[in-house]
Amino acid sequence: MTITSGTILLVSAAPDVEELLTETGVTFVPVLFGGLPDHPDPVLLQLADRPRPAVVVLDGLSNPMISLRLIARLTAEDPLISVILVVDRDDLVLDAVRSGARDVVVRGSGPEELRAAIDRAFRSAQHLRPSIAEQQDIDEPTGFGSTNGRIVTVVSPKGGVGKTTVATNIAVGLAQRFPVRTVLVDLDIQFGDVASALDLDPEYFLPDTVQGQARRDPMALKTILTQHSTGLYVICAPDSPIEADTISGEDVAHLLQMLASEFMYVVVDTAPGLSEHTLAALDQTTDLILLSSMEVPGVRGLRKELDTLDQLDLLSTSRHVVINFAETHGLLGIADIEATIKAPVDLQLPRSKAASDSVNQGVPLLQSGVRDPLTKQLRVLVDRLLTNSDRDPLPGPSNSTVDSSSLRSFRRRPPGSDASPTIVLDSTDAGRTAKSRPRRAASRWSRTRKLVAK
Ligand SMILES: Nc1ncnc2c1ncn2[C@@H]1O[C@H](COP(=O)(O)OP(=O)(O)O)[C@@H](O)[C@H]1O
Ligand SMILES: [Mg+2]
């Protein structure tokens, strides 16, 4: 077992932790206290002119609550420090990771475990250092991974029109082509039901992905994603609506950027309307799915939403207007809808009993493969989201980077036209390299907020 060079600091008020670390055989700098401080200053002061430690082995025995606070403050002060917490209770593991600990070792498991954790911490520090340095340089986390994934966001002005049905199905459809390279984020933060639609029992939720180590380290983030049987990764909405308050628009933007640098497809389900979180997602979105039913209030809402997004310059991405619960004998026809929204309808999803059956069973239609007109149309939608280079994939690592030279968009058709949308190569996309997906400036984000606040 090799341990890379770098200072290991022991911060402890318990002799047992020092003993355990000594038994590992590593060289370390001890900073010993009578009682643990809850602030990093007294710890870092002890280092005087020495370089910051790469690894801190922290006593979680004396006063676990103080230790958790210290981890949060220490990693906020210096994200390059990997903290390993030594505990004597398993139930502290989750809290420690949420606070920003890199690893947790239970005292009884012996010095080998601690030594292995130190080794892992050094290995991940090698990965983390350039990422963090790059992030600080350019003030956004685009340097995390090599992928330049598409961000597909499903929005509608009203609830109950099928956003979650569409988002879960396209996520599963994409994951069937690109297992472990597709992630679904439930941004309906207060009342999201993706977990139930996919029959998942998540251990971690959205708030866990925007704080602590997961916010900085893509590897840590991946370990707290929920896995679905199709190979899809999922970030579920928090259990309690109150937790929505803890998540900001900036958190959402940061998370989606991180995910897009690690995954080929990031699918985002949203709450009805244009919340701060949805706007933050739209600011990052490459493929927008606008959904409405055929009812008059829904269609009027869709028109307002299109107008607002146009004003905010958030319609420039590839977009798909999708009418759900489509039927031929309703009050409004597709031509009426197109005239109202002054834009073409790209796809119609028929009303189907299979949809509610699948929600009740927690198995999306594209997973069960049930033969149904709705399933067929959902497949069409998945196909339209694929970039040309992804359309006939040879699954595997060779597909890991999206070829942006073949990004396609749908040309707007005149209202009333019922031909299927024309696929065109967008010349503005043709010259982009995989690394240069446009990211909107921070100034743009504040402008967006101001406009919506009006
Ligand atoms: N095309 C459809 N046919 C029949 N039922 C549908 C269809 N699309 C969605 N549903 C049902 O409508 C309800 C609301 O859908 P959901 O996807 O949760 O909407 P939203 O996320 O916009 O609130 C669910 O019970 C779902 O099963
Ligand atoms: Mg929903």
Side-chain angles (χ1 to χ4, degrees), residues 152-173 184-200 202 205-206 226 228 232 234-241 243-244 247 252 267-275 277-278 281-282 285 288-295 297-302 304-306 320-330 332 334 337 345-382:
V152 182
T153 305
V154 184
V155 298
S156 79
K158 306 271 178 204
V161 297
K163 287 183 297 303
T164 303
T165 305
V166 168
T168 48
N169 273 286
I170 59 176
V172 161
L184 170 62
V185 183
D186 192 350
L187 263 200
D188 186 350
I189 299 182
Q190 286 192 309
F191 299 107
D193 48 6
V194 161
S196 141
L198 292 174
D199 192 25
L200 293 170
F205 298 87
L206 184 67
T226 306
H228 184 248
L232 173 70
V234 187
I235 297 179
C236 296
D239 249 354
S240 143
E243 287 186 57
I247 298 162
V252 170
V267 179
V268 185
D269 187 18
T270 62
L274 294 173
S275 68
H277 303 117
T278 301
L282 290 174
T285 295
L288 177 61
I289 297 179
L290 284 139
L291 205 60
S292 174
S293 66
M294 292 186 83
E295 285 161 1
V299 174
R300 285 205 183 119
L302 179 60
K304 276 192 215 158
E305 183 149 358
L306 275 163
H320 313 261
V321 174
V322 177
I323 298 298
N324 193 15
F325 302 106
E327 51 196 0
T328 41
H329 305 299
L332 293 182
I334 292 297
I337 294 174
V345 169
D346 295 302
L347 194 77
Q348 300 175 44
L349 302 176
R351 185 182 289 277
S352 158
K353 186 178 171 306
S356 41
D357 291 348
S358 91
V359 156
N360 292 336
Q361 288 157 6
V363 182
L365 293 171
L366 291 198
Q367 184 184 358
S368 63
V370 60
R371 280 172 168 262
D372 184 89
L374 178 57
T375 313
K376 200 171 153 208
Q377 286 301 84
L378 287 165
R379 280 201 206 288
V380 171
L381 186 53
V382 171

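Both counts, for ligands and for their atoms, begin at 1 and track the order of listing. Just so it is clear, the values below take in all heavy atoms, side chains as well, and ignore hydrogens, waters and symmetry mates. In this text the structure is predicted, and so the values were computed from the model without any measurement.
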Enquirer: Identify which of G162, S293, A197 has a heavy atom lying nearest to atom 19 (O) of ligand 1.
Expert: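 When every heavy atom of G162, S293, A197 is considered, G162 comes closest to atom 19 (O) of ligand 1.
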Enquirer: Any protein heavy atom sitting closer than 4.0 Å to atom 26 (C) of ligand 1?
Expert: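 Within 4.0 Å: yes, protein heavy atom nearby.
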Enquirer: Check N324 against ligand 1 and report side chain, backbone, both or neither, counting heavy atoms closer than 4.0 Å.
Expert: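 Only the side chain of N324 comes within reach of ligand 1.
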Enquirer: In the protein, what heavy atom is nearest to atom 18 (O) of ligand 1, and what distance, to one decimal place, separates them?
Expert: T164 CB, 4.0 Å
Enquirer: Report the part of P350 (side chain from C-beta onward, or backbone N, CA, C, O) that has a heavy atom under 4.0 Å from ligand 1; answer both or neither where that applies.
Expert: backbone
Enquirer: Name the option, out of S156, S352, A271, that contains the heavy atom nearest to atom 3 (N) of ligand 1.
Expert: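 That would be S352.
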Enquirer: Taking backbone and side chain together, does T164 place any N/O/S atom at a distance below 2.8 Å from the Mg ion (ligand 2)?
Expert: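 Looking at T164, which is the residue asked about, there is an N, O or S atom under 2.8 Å from the Mg ion (ligand 2).
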Enquirer: For atom 13 (C) of ligand 1, is there a protein heavy atom at a distance under 4.0 Å?
Expert: no
Enquirer: Can you confirm, on distance only, whether ligand 1 has an N/O atom lying under 3.5 Å from any N/O atom belonging to K158?
Expert: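 Between K158 and ligand 1, no N or O pair is found under 3.5 Å apart.
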Enquirer: Hydrogens and angles aside, do D372 and S352 bring a side-chain donor and acceptor to less than 3.5 Å of each other?
Expert: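 D372 vs S352: donor-acceptor pair found between side chains.
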Enquirer: Check this for me: does any side-chain nitrogen of one of K353 and D357 sit under 4.0 Å from a carboxylate oxygen of the other?
Expert: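 Between D357 and K353 there is a salt bridge, with a charged N closer than 4.0 Å to a carboxylate O.
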Enquirer: Would you say ligand 1 has an N or O under 3.5 Å from any N or O of F325?
Expert: no
Enquirer: Hey, is T165 touching ligand 1 through its side chain, its backbone, both or neither, going by heavy atoms under 4.0 Å?
Expert: both
